[in-house]
Participant: 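Here you go, one structure.
Keep in mind that the numbers below use all heavy atoms, side chains included, and drop hydrogens, waters and symmetry copies. Sequence lines set the chain letters: A, B, ... in the order given, protein chains first and strands last, and positions in each chain run from 1.
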There are 2 protein chains.
Amino acid sequence: MQTGLPKFHSIFSVDCVVFGFEDGVLKILLVERNEEPFNGWWALPGFFVQHDEGIDYAAERILYELTGLRDIYMEQLYTFGDVNRHPEGRVITVAYYAMIRLSGKNELHPTSNIVKKAFWHPIADLPKLGFDHTEIFEKSLDKIKRKISYQPIAFELLPEKFTLTQLQNVYEAILNKKLDKRNFRKKMLNYGILKELDEKQRGVSFRAAALYKFDRRKYAKLFQKELSFMKD
Amino acid sequence: MQTGLPKFHSIFSVDCVVFGFEDGVLKILLVERNEEPFNGWWALPGFFVQHDEGIDYAAERILYELTGLRDIYMEQLYTFGDVNRHPEGRVITVAYYAMIRLSGKNELHPTSNIVKKAFWHPIADLPKLGFDHTEIFEKSLDKIKRKISYQPIAFELLPEKFTLTQLQNVYEAILNKKLDKRNFRKKMLNYGILKELDEKQRGVSFRAAALYKFDRRKYAKLFQKELSFMKD
DNA sequence: ATATAGGGTGTATTTATTACACTAAGCGAA
DNA sequence: TTCGCTTAGTGTAATAAATACACCCTATAT
């Protein structure tokens, strides 16, 4: 084995930018580190990839170990490979971004002791993060800003049943700008990928809004792969 | 050094999909391998990243060693990390895509003996490639198909001075469909990012077309970062 | 001079995008 | 029960962008 392979080996890791939407605000998941380097600092959840696991699998495993989250939407973002990005040696990291429905009490249970805790933090005022994690976060935000305009990723942040206003709030939070309510609804409903339910919001102290769900089947049929959401 | 780093190390490599445009056809650069595995096969130019070099730098170095090409447009594409993608061991590869102006006699001079030769091959009928390189190529093509609609990458494939028809041919080759001549020209000129030169094509046996060049300065001014080319 | 091959041009139609403001419904408090 | 509050829900006109479409022009070669 490894006949022609070189002698210099390196280490690689995975880091995850996990987006959640709560209180009308876009948040990401941070951990408080419990190890050098950057012990006590906040950082993205991330760890080393094992020799015998694929990187996509590693991303899922690491996210689970550091936060208790699993089975969520996740895509590879970019690979960061500067020689000096890790203070203790050459570590190349493959960054992933992920999205999750935050339904009230999403408890975060790290099962690994390499972090003290995991918590959600609004993206608006992120603190300084360890490593090059601020750069990784910024790249992931750019990515979803673009992606939300041609792939139905906004739904990953919402509960199964949602109102049009909630959906609009997700778009506004990601694009970081206000959208016109009438135009937004007209456009969104025109795509024909939402199913209106015979059900209304409950427990609100004002007029209850109609609930919708994303119709994956219609989406797949109408647009082989993508559509052009929210051009600007 | 390497205090808290794990003991299992891995190997990573870089593979490049280099696009060129010649005879109205989109081509990529292949090498004929001179080493196991896949000795004698055709593959993308790629090799191992050194322990002390950044991956972007490694991509440039490897491309130069395997083809003699340098200083060309190059962007990271995606990282392929399946456990078994390399038959001789765990090798994670970071793929890059690149674009180059093919001006008549672009001679390819590998300076490394890990390849027998390098050559251009039309993307229309690519042969079977070693490793997972076919998958890497397909992903890169998807990427540039999307990217050409919002970033001025088509110009990277053309000489400094080009005609509108040549530009249209690049779009058609990448998008793999015919475009309307009048609409294409109207749209392209409207962006205001082309400078018409006081010069015409020479050496053609028919009416000479006007030459244009891409005006990077105007582009940067008008659109902070991008525009919306060729929506469909 | 004429044949050839690609260069270059305009308009009408359709579709998408934008801007914009009021009434409706449900709940809670008085 | 009424009133006030808060969010839901709705339409149209104007503008801009995308599309479909066919002929004459011009340089060269023969």
Participant: Between B:D180 and A:Y212, who's closer to the 5' end of DNA chain D by nearest nucleotide?
Facilitator: A:Y212

Participant: What is the separation between atom CZ on A:F184 and atom P on C:dT17, rounded to the nearest whole Å?
Facilitator: 13 Å

Participant: Write down the distance between CG (A:N183) and P (D:dG9), rounded to a whole number of angstrom.
Facilitator: 16 Å

Participant: Would you mind telling me which of D:dT10, D:dT19, C:dA19 lies closest to the side-chain atoms of A:K181?
Facilitator: D:dT10

Participant: Check the phosphate of D:dC21 against B:R182, side-chain N and O only, distance under 4.0 Å to OP1 or OP2. Yes or no?
Facilitator: no

Participant: Could you state the atom-to-atom distance from CG of B:L189 to P of C:dG10 in whole Å?
Facilitator: 12 Å

Participant: Among A:L29, A:L44, A:L63, find the residue that satisfies the side-chain contact (heavy atoms from CB on, under 4.5 Å) test when tested with A:C16.
Facilitator: A:L63

Participant: Between the base of C:dT18 and the side chain of A:K187, is there any donor-acceptor pair under 3.5 Å?
Facilitator: no

Participant: In whole Å, I'd like the distance from the CD atom of A:Q168 to the P atom of D:dT10.
Facilitator: 14 Å

Participant: Could you state the atom-to-atom distance from CG of B:L197 to P of C:dG7 in whole Å?
Facilitator: 16 Å

Participant: Check this for me: does any side-chain nitrogen of one of B:K178 and B:E172 sit under 4.0 Å from a carboxylate oxygen of the other?
Facilitator: yes

Participant: Would you call B:E156 and B:R216 a salt bridge, using N to O less than 4.0 angstrom?
Facilitator: yes

Participant: Closer than 4.0 Å, any side-chain N/O of B:T165 to the OP1 or OP2 of C:dG7?
Facilitator: yes

Participant: Would you please indicate yes or no on a ring centroid separation below 6.0 angstrom for A:W42 and A:F119?
Facilitator: yes

Participant: Figure out the CG/C1' separation between B:L164 and C:dG8, and round it to whole Å.
Facilitator: 10 Å

Participant: Tell me if the side-chain of A:K186 makes a donor-acceptor pair with the base of C:dT18, cut-off 3.5 Å, by modelled atom types.
Facilitator: yes

Participant: Tell me whether the side-chain N or O atoms of B:R207 pair up with the base of C:dA5 as donor and acceptor below 3.5 Å, since no angle test is needed here.
Facilitator: no

Participant: Taking only the side-chain heavy atoms of B:F206 (C-beta and beyond), determine which of C:dA5, D:dG9, D:dT7 contains the nearest atom.
Facilitator: C:dA5

Participant: Does the ring of A:F162 carry A:R101 above it, NZ/CZ under 6.0 angstrom from centre and within 45° of its axis?
Facilitator: no

Participant: Of the options C:dA24, C:dG7, C:dC27, whose atoms approach the side-chain atoms of A:S205 most closely?
Facilitator: C:dC27

Participant: For A:M188 and D:dG9, what is the distance between atoms CE and P respectively, to the nearest whole Å?
Facilitator: 15 Å

Participant: To the nearest Å, how far apart are B:Y191 OH and D:dA16 C1'?
Facilitator: 13 Å

